[in-house]
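Take a look at the structure below.
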Amino acid sequence: MPPLDLTADEVLTTTRAVRGRLDLDRPVERALIEECLRLATQAPTGRNRQRWDFVLVTDPAKRAALADLYRLGLTRPRQQVVRDGVDRGDPGRGRRITESAQYLFDHLHEVPVLLVPCIRVQGRHENASHVGQANTWGSVLPAVWQFMLAARSRGLGTAWTTPHLHYEREAAELLSIPYETVLQAALIPVAHTIGTDFRPGPRTDVDKIAHWDGWQAGGAREGLPAHSVSSAQLSSVGSSPAPRRSGRRERTRPRPWGGGRRRTPVLLPRR
Ligand SMILES: Cc1cc2nc3c(=O)[nH]c(=O)nc-3n(C[C@H](O)[C@H](O)[C@H](O)COP(=O)(O)O)c2cc1C
């Protein structure tokens with residue numbers, strides 16, 4: 001499929017976390033994924049070592065098991081997630097994200113391709129220091145995002161997720177990833193999108209986050225939370241409303257996000 005007719009700026013501003021508009025019925029061609037990977041691997045890595053690997057899961061049984069680990073990670077995380085107190089999201093948007101995320105929770109196993117980006121390490125100790133972490137994650141996450149941008153420009157939708165990492169060892173066993181020397185970075189569902197029009201997302205104004213010549217010299221001024229899209233940003237990209245899925249699929253599982261009974265995910269054997 002030829003890339004969509006989007007400018008670089010349009011790709012950068014309209015690559016959304018796609019959940020409800022993932023086309024679960026349309027297979028994703030292997031060649032398209034490989035094209036995105038070729039573009040992704042132009043991303044930088046420390047000393048150009050390119051320690052990355054990309055596991056693409058299409059087997060239905062493996063997708064189902066991986067989706068269960070995702071659900072387990074969301075509903076029964078192994079470690080408590082520490083919040084730093086900074087949250088620039090707005091509450092209304094939070095509710096919309098929750099609804100959209102619920103859809104992904106319910107349907108993740110149906111997404112045609114689940115991508116698990118990985119990075120090789122000498123051993124897990126390599127990440128003990130802050131600089132070690134920065135070097136490791138800095139050498140794979142840019143490629144992951146680059147993959148997602150390339151996917152967007154080809155009519156594919158993606159969403160960054162991490163909860164399955166609470167059960168990384170189980171995922172490694174499932175996918176035969178050598179756990180001690182390969183770190184998983186994320187779990188990215190990949191599918192064609194239903195429609196291709198996406199809009200810029202709400203983001204913090206730049207003058208609230210830019211710190212010129214030092215932290216005190218402006219930026220992040222008292223006013224948190226800050227959010228919203230600037231009008232210039234909105235007007236620069238096509239803004240026709242996104243088509244809704246219009247009830248093609250019923251919600252099949254209870255909500256893990258609050259409100260309603262929780263689904264107990266299938267428990268895989270643990271070590
Ligand atoms: C580190 C990280 C973890 C995320 N985890 C999840 C997740 O578990 N489930 C989910 O549906 N979206 C997840 N997201 C997607 C975010 O919710 C999304 O990027 C954010 O709301 C902005 O969405 P937008 O670009 O469509 O505005 C995650 C994103 C990041 C960067």
From CA spacing to verdict: salt bridge (charged side-chain N to carboxylate O under 4.0 Å, His left out), Arg78, Glu170: CA-CA 12 Å; Arg78 275 204 178 130; Glu170 286 81 355; 2.6 Å; yes

Any donor-acceptor pair under 3.5 Å from Arg71 side chain to Phe105 backbone: yes

Considering all heavy atoms, the nearest Gly201-Arg16 contact: N-NH1, 2.9 Å

Heavy-atom closest pair, residues Trp137 and Pro142: O-CD, 3.8 Å

Check ion pair Arg30-Glu35 (N to O, under 4.0 angstrom): no

Salt bridge flag under 4.0 Å for residues Arg63 and Asp68: no

Test item: side-chain donor near acceptor, Gln133 and Asn135, under 3.5 Å: no

Set of residues satisfying salt bridge (Lys or Arg N to Asp or Glu O under 4.0 Å) with respect to Arg124, sequence neighbours excluded: Glu168

Residues that Thr58 engages under side chain to side chain contact (heavy atoms under 4.5 Å, CB included), provided they are two or more places apart: Val113

By side chain to side chain contact (heavy atoms under 4.5 Å, CB included) - contacts of Thr196 (at least two apart): Leu4, Arg152, Thr193

Student check: side-chain heavy atoms of Val121 and Thr136 closer than 4.5 Å: yes

Residue pair His164 / Gln184, side-chain heavy-atom distance below 4.5 Å: yes

Mutual orientation of the aromatic rings belonging to His109 and His107 [parallel < 30°, tilted 30-60°, perpendicular > 60°]: parallel

